[in-house]
Amino acid sequence: MAKQSDDIPLVTGHTFTHNDFHHYSEMNQDRIYMDYNATTPLEPEVIQAITEALEDAWGNPSSNYIAGAKAKALINQSRESVARMVGGRAEDIIFTSGGTEANNLVINTAVEHFRRNYQAAKQGEGDHNGDMACLPHIIASNVEHDSVKLVAEHLQKSGKAEVTFVPVSRVTAHVEVEDIMAAVRPNTCLISVMLANNETGVIMPLQEICQRVKSLNKQCERFRILLHTDAAQALGKIRVDVCELGVDYLTIVGHKFYAPRVGALYVNGPGTKTPLYPMLFGGGQERKFRPGTENTPMIAGLGKAAELVTSNLTDYASHMQSIKLYLEQQLEAVFGDKIRINNHFPGSDILPNTCNVSILGPGLQGWRVLSNCARLLASVGAACHSDNVHRPSHILLSCGIPSDVAANALRLSVGRGTTKEDVDAVVEDLRETVQLLEEAR
């Protein structure tokens with residue numbers, strides 16, 4: 001078997017089987033990909049945009065000659081397209097290398113902003129001999145991506161911040177607004193809650209959280225609590241509008257919506273309404289918030305992918321929802337009482353493409369089933385946790401899924417081009433694999 005990669009944890013030789021949108025083929029044309037929450041292929045229009053930028057806009061965007069001017073124009077156009085996708089303004093978009101950088105940038109900004117405000121307040125009070133410096137406090141859910149979770153934990157371990165990880169409800173699988181509000185302290189500087197979870201597909205109550213926190217902020221604007229959401233899994237699947245959500249920051253990850261592996265950060269008025277402090281120092285690119293010569297071709301690809309989302313989101317979501325429902329129906333028809341759908345939670349909305357299931361029985365752990373499948377390419381959870389593939393997902397356990405059920409979990413995430421024929425083939429592949437494993441016991 002091929003070595004595991006960051007994005008396709010089990011097998012790298014594969015084919016993406018699609019309907020009218022497009023068709024991809026690689027080494028093994030029998031493989032069917034259902035791991036779109038890990039990564040997505042590039043749309044043909046995105047590949048074209050990248051290719052054209054490589055050929056025609058190769059110049060330095062900070063230069064005045066034609067190739068540089070073309071590059072700058074492409075970047076500006078992409079900034080408009082990305083902003084339109086999330087309902088923001090072009091000046092609120094900062095291009096980054098990806099979601100991890102964007103999340104780190106937000107968390108480090110919040111800590112630094114609190115530190116500066118706290119020092120200014122102490123000096124204003126004339127108290128230079130006061131108590132030990134007050135540490136900034138960060139609130140996040142306990143199912144965040146590692147690029148939020150590990151940053152917060154690092155700051156806590158190094159004595160630079162206090163952190164509260166609010167557990168998701170074992171009934172709804174999302175964080176409860178009241179639990180978030182109960183965790184707020186006088187020194188809380190940031191609340192970071194993902195918009196949708198990558199394993200369960202559960203959509204978090206971001207709008208209500210933001211409304212409650214903004215009401216609280218009005219009581220003390222100087223030490224305002226900043227609001228961030230990592231929207232990596234939501235973009236391209238559900239409608240995302242930063243104004244409706246009410247967030248200060250929103251993380252955008254290209255390779256989750258058929259764009260290349262670059263990203264962006266939405267900031268509501270960077271440096272004016274909302275603080276943003278750079279982690280890198282160099283040239284003046286991205287208004288000095290994120291210096292470094294811009295990766296024009298990948299940014300052009302991100303912009304084109306954003307345009308496609310803006311134009312086609314309803315069709316994308318409708319197609320994925322119908323295919324996911326068909327997948328669940330076929331699994332239940334074939335496996336009956338042996339199938340457990342892990343991401344049906346009362347009162348929770350779920351991403352239209354995400355199906356988390358367990359086939360019950362000894363020896364049917366998710367990793368074992370997937371490693372024996374002849375056609376299915378999927379994962380047991382987040383690709384960045386592939387080194388813990390033999391352990392039950394901490395996210396499923398946090399949502400109240402029993403350990404033995406969580407150990408057998410498969411995350412099947414469908415894409416824009418997944419067909420019912422793909423589903424039929426995958427379900428048959430799973431049936432044959434389960435039969436093989438049971439007979440081998």
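Values in this document were obtained by computation on a predicted structure and should not be read as measured data.
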Review point. Can you check whether V405 reaches L360 side chain to side chain, under 4.5 Å on heavy atoms?
Key: yes

- Task: Look at the side chain of N343 and the backbone N and O of T200, then say whether any donor-acceptor pair between them is shorter than 3.5 Å.
- Result: yes

With a cut-off of 3.5 Å and sequence neighbours excluded, list every side-chain donor-acceptor pair involving residues 183-196.
residue : atom : partner : partner atom : Å
R185    : NH1  : E162    : OE1          : 2.7
R185    : NH2  : T164    : OG1          : 3.4
N187    : ND2  : L135    : O            : 2.6
N187    : ND2  : E162    : OE1          : 3.1
T188    : OG1  : H137    : ND1          : 2.7
T188    : OG1  : R185    : N            : 2.7
T188    : OG1  : R185    : O            : 3.1
S192    : OG   : H228    : ND1          : 2.8

In terms of heavy-atom contacts, V414 and Y36 come closest through C-CD1, 3.4 Å

#### Entry: Sidechain-backbone polar pair: D35 side chain, L377 backbone, donor-acceptor under 3.5 Å
no

Value for CD1 (I180) from OG (S141), rounded to nearest 0.5 Å, stands at 7.0 Å

If only atom types and distance count, is the side chain of R375 paired as donor or acceptor with the main-chain N or O of D30 below 3.5 Å?
-> yes

dist M320:CE -> D315:CG (nearest 0.5 Å) comes out at 10.5 Å

Exercise for review: Let me see the working for R416 and T40 under side chain to side chain donor-acceptor pair (under 3.5 Å), right down to the final yes or no.
Suggested key: CA-CA 10 Å; R416 298 172 185 176; T40 56; over 6 Å; no

Under 3.5 Å, side chain of S311 to main-chain N/O of L308, donor-acceptor pair present?
-> no

Whether R261 side chain and T39 backbone form a donor-acceptor pair below 3.5 Å: no

Using a strict 4.0 Å threshold on nitrogen-to-oxygen distance, state whether K338 and E438 make a salt bridge. yes

When rounded to the nearest 0.5 Å, the distance separating NZ of K324 from CD1 of I350 is 6.5 Å

Query raised in the report: Is it true that a side-chain atom of N372 and a backbone atom of R368 form a donor plus acceptor pair closer than 3.5 Å?
Result: yes

query = Under the side chain to side chain donor-acceptor pair (under 3.5 Å) criterion, do T419 and D422 qualify, and how do the steps go?
reply = CA-CA 5 Å; T419 66; D422 293 333; 3.1 Å; yes

Rounding to 0.5 Å, atoms CG (N356) and CG (L412) come to a distance of 8.0 Å

All heavy atoms of A406 vs all of L396, minimum pair found to be CB-CB, 4.0 Å

Could you tabulate the donor-acceptor pairs under 3.5 Å formed by side-chain atoms of residues 231-240, not counting sequence neighbours?
residue : atom : partner : partner atom : Å
Q233    : OE1  : K237    : NZ           : 2.8
Q233    : NE2  : N37     : O            : 2.9
K237    : NZ   : N37     : OD1          : 2.8
K237    : NZ   : Q233    : O            : 3.1
R239    : NH1  : E244    : OE1          : 2.9
R239    : NH1  : E244    : OE2          : 3.1
R239    : NH2  : E244    : OE2          : 3.0

Is a donor on one side and an acceptor on the other found under 3.5 Å between the side chain of D248 and the backbone of L227?
yes

Does any N or O in the side chain of S78 come within less than 3.5 Å of the main-chain N or O of I299, such that one atom is a donor and the other an acceptor? yes

query: For T100, does its backbone N or O pair with a side-chain atom of S147 as donor and acceptor, under 3.5 Å?
result: no

Scanning both residues in full, the closest heavy-atom pair of V309 with Y316 reads CA-CE1, 4.2 Å

Fill in: R115/E112 salt bridge by N-O under 4.0 Å criterion
yes

Heavy-atom nearest pair, L42 first then P260, reads CD2-N, 3.4 Å

- Look only at the side chain of T229 and the backbone of L250, and say whether a donor-acceptor pair between them is shorter than 3.5 Å. no

Between I94 and E286 the two heavy atoms that sit nearest each other are CA-OE1, 3.5 Å

Validation: residues 208-215 side-chain donor-acceptor distances under 3.5 Å, sequence neighbours left out:
residue : atom : partner : partner atom : Å
R212    : NH1  : E178    : OE2          : 2.7
K214    : NZ   : G246    : O            : 3.1
S215    : OG   : Q211    : O            : 3.1

Nearest heavy-atom contact between S398 and V168 is O-CG2, 3.7 Å

Rounded to the nearest 0.5 Å, the OG1 atom of T251 sits from the CG atom of N103 at a distance of 4.0 Å

